[in-house]
Amino acid sequence: MFKTLSTVLLLTGALALPTAAFAQNECAAGKTIEEGMLTIATGNPAYYPWVIDDAPEAGKGFEAAVAYAVAERMGFANDAVKWVRTSFDEAIQPGAKNFDFNLQQYSITEEREKVVDFSNPYYSAAMAVLVRKPTMEAGASADLASLKKLKWGAVATTTALPVVMRIIEPESDPLLYDDTANVAEAMKAGQIDAGIFDLPTALYLSAVVLDDGVVLGQFAGDDAQKLDQFGLLMEDGSALKECVDGAIDSLTEDGTLAKIEAEWMQEATGVPVIK
Amino acid sequence: MNRRQRYEARQRRRSGLIATASTLIVLAAIYLLIPLAPGWERVKASFFNWDVFARTFPTLLEAFLLDIAIFLWSAPIIAVLGLLIALCRAVQSPALFPLRIFGALYVDIFRGIPVVLVIYLVGFGVPGLGLPRPWNSPYIWGTVALVLTYSPYVAEILRSGIESIHQSQRAAAISLGLSERDTMRYVILPQAIRRVVPANMNIFIALQKDVALLSFIGPVEILRQAGIFKSLLANFTPYVAAAVIFLAITIPATRYADYLMARERNARG
Amino acid sequence: MPEAEFSPVKLALKGVTKSFGPHQVLKGIDMEIAAGEMVCLIGPSGSGKSTLLRCMNLLEPIDDGYVYLDGADISEPGLDLRLIRRRIGIVFQAFNLFPHMSAMDNVLLAPRRALRKSREEVMPDAEALFARFGLADHMNKFPDQLSGGQQQRVAVIRALAMRPEVMLFDEITSALDPELVEEVLDILRQLRADGMTMVLATHEMQFAREAADRVCFMDDGVIVEEGAPEAIFANPQRERTKAFLKGVLRRQV
């Protein structure tokens, strides 16, 4: 019986490999919004290092690469993948979606789980503090006592806000914005001193968006509260979840995910830990 | 009662009964039929969740105080600037012609751009030029944006009010030897302003709502706070609560504007 | 009756023309009004009576010709007319009271603002005028609380408060109910007795006949005929005058 099973598995595996390019894997059949196509969503614009040059179709950038890897494991070749864009906020509303899954640095949280489904995590991000050089020169440093005194800004619907409110507990009320671009703008305008982003985004903003940006510090990776897990976002009760999770688990186990991370995510060395 | 009064009393009773009956039928229909809709339970849980309403209401009310504060300091500036622009457009003397052009351009430009664009451009753009704190505050420049976009409406309303004052008033004032300025100040403007109060009230009610747009550049007022609750509780009821709070202010204001309009109509009729 | 030939000329018009767009309303008016004289302008509507009065105080600028006040050319383009307008008062057919002020405030506005006098300074004179014309009880009422006749009388008081040297009246009784006309005419009689120089456009033929020093008949932008009231009414010379009077006098009781 075991022999028969393994033969069957072998045969199935042998058949599946060459036909993967032409037909969907059983697991995703009938569960995507468009038969035979996998519709993936990301942000508008999609930032570095998650997507290079705002062109996810090219597969360059950490999230773009992860997306195509997951698609392949699920049985969708590169040309069976379709991209759409949504705002960050739009996707975490309850309701039907126009994508099969969405990836734009969505942290898996309990509240969000109530209205959408997340896949198993594909990345762990430390939260980092971004300031401008003048602020650092004025005495801001990587410890909570100093951070409390700064004027904070955050994107209202992200996990950055709870970190600001509960961990930092700033002396003055933070200002809140709709998206990362606005927080960066407010920093440029000197209306806020500091913002919290996932470490890769913070590094990008400090190097490219702000002329004089500095990543002041990151929150210790060992504290579960301060580490964000990114997951692929799907409609609540999505039939695809099992399949997606299967793909991610497979990528994690065979080290492909780690390889993609190493390829696209810079080493975040030298960023002090906040005390 | 005479014969006509008896007849009219009978008519009134009849129409009262019909009105009450039809209103009750409509209310009953709403009450009975809406819950029959397939998605009603979900909509109710998502938008009309009493528990969420009660929990979020106090914080939302507090956030609304910020909206009110912004309104209270913006409205007078808008009123004054609107008046100045209207006067710019009303000047006759050729030496002051640039003022007329300025007035017309100002009105055309700022009536033509959506408020939210001006809020972004002014709220981020101006401080981005390098102003030191506190001069770069989003409260200051957000207010400037509101003033820039709302004063043209007030200006146009005042201008039409001024033009609606019959020429004969000016003729009488001038003939008495009053200067153009005194004529405008003591004869034309008092009448014009009084006449357009209802129209201006509409503008200011709209302003109270657009104050919420300042949330785009940082301030945590009621719209932003409702959004935070929405994300936190995965429920839209906070927005309904915010709407209720807005209506608590705007409906009495609208009724008052209607009352003023009726009074104005009766006075001139 | 003062003898016109011995009194100095208060107001004079020479060759005054005025057009509104393509339509010429005044086609060359020559007139002299002596100090203390009361001149009545009569004529059909559209003849230019109203326009002529408004040109006299330069409320309407004239196209050509001259207007002289006490011998000085006040029609020179570009003059500051405020000072001149204080010296000539005008009362309109539609009263033109300021509806947002009381009768007293209507009267006080110009003396306070244009003459820069304080309320205390101008009040006594104003109160005296109200009393003189029988409106002492109505000083603090608003125009919409007054009858037409009362409003018109307040309008006269308002013009008089500036102490003008000449008073112009543009058909001031035409908008009044018949029973209110007499109280206004009474004021005119009083002013005349005071020796005010007055020019009236009017349809009140009986009044003109009895009170005017001189009557001018205007038609189609020109003064057709002028003279003593008796001369004009009893013995009109021109055809147009005769035609007009026949129509008007037949209707008036």
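Per chain, numbering begins at 1; letters A, B, ... match sequence-line order.
To the nearest 0.5 Å, atom CG of residue B/L232 and atom OG1 of residue A/T109 are 9.0 Å apart. Rounded to the nearest 0.5 angstrom, A/E111 CD and B/N235 CG are separated by 13.0 Å.
Using a 4.5 Å cut-off on side-chain heavy atoms (C-beta onward), A/D178 and B/R224 make contact. The shortest distance between side-chain heavy atoms of A/D89 and B/K230 falls below 4.5 Å.
Annotation for A/D53: atom CG does not count as buried by contact number, only 12 or fewer foreign heavy atoms lying within 6.0 Å. More than 12 heavy atoms of other shown residues, nucleotides or ligands fall within 6.0 angstrom of atom NZ in A/K148. Heavy-atom contacts from other residues, nucleotides or ligands closer than 6.0 Å to CD of A/E110 number 12 or fewer. In B/W135, the CH2 atom is not crowded: 12 or fewer heavy atoms of neighbouring residues, nucleotides or ligands sit closer than 6.0 Å. Residue A/K133 qualifies as open at atom NZ: its count of foreign heavy atoms under 6.0 Å is 12 or below. B/R55 CZ: 12 or fewer foreign heavy atoms inside a 6.0 Å radius. Other residues, nucleotides and ligands contribute more than 12 heavy atoms inside 6.0 Å of the CD atom of A/E113.
When each of A/V115, A/N182, A/V116 is scored by its heavy-atom pairs under 4.5 Å with chain B, the top score falls to A/N182. The candidate with the highest count of non-hydrogen atom pairs below 4.5 Å against chain B, out of A/R112, A/M187, A/E185, A/K188, is A/E185.
Inspection of non-hydrogen atoms places A/K151, A/A156, A/T157 of residues 150-158 of chain A under 4.5 Å from chain B. Residues of residues 101-128 of chain B lying under 4.5 angstrom from chain A, judged on non-hydrogen atoms, are B/Y120, B/G123, B/F124, B/P127, B/G128 by number.
Interface residue A/D193: backbone and side-chain heavy atoms are both found under 4.5 Å from chain B. Neither the backbone nor the side chain of A/I92 comes within less than 4.5 Å of any heavy atom of chain B. Only the side chain of A/L161 comes within less than 4.5 Å of a heavy atom in chain B; its backbone stays farther off. For A/P174, the part sitting under 4.5 Å from any heavy atom of chain B is the backbone (N, CA, C, O) and nothing else.
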side-chain contact (heavy atoms from CB on, under 4.5 Å) evaluation trace for A/L176 with B/I228: CA-CA 10 Å; A/L176 302 179; B/I228 293 174; 3.1 Å; yes

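When every heavy atom of B/P138 is checked against every heavy atom of A/L175, the shortest pair comes out as CG-CD1, 3.8 Å.
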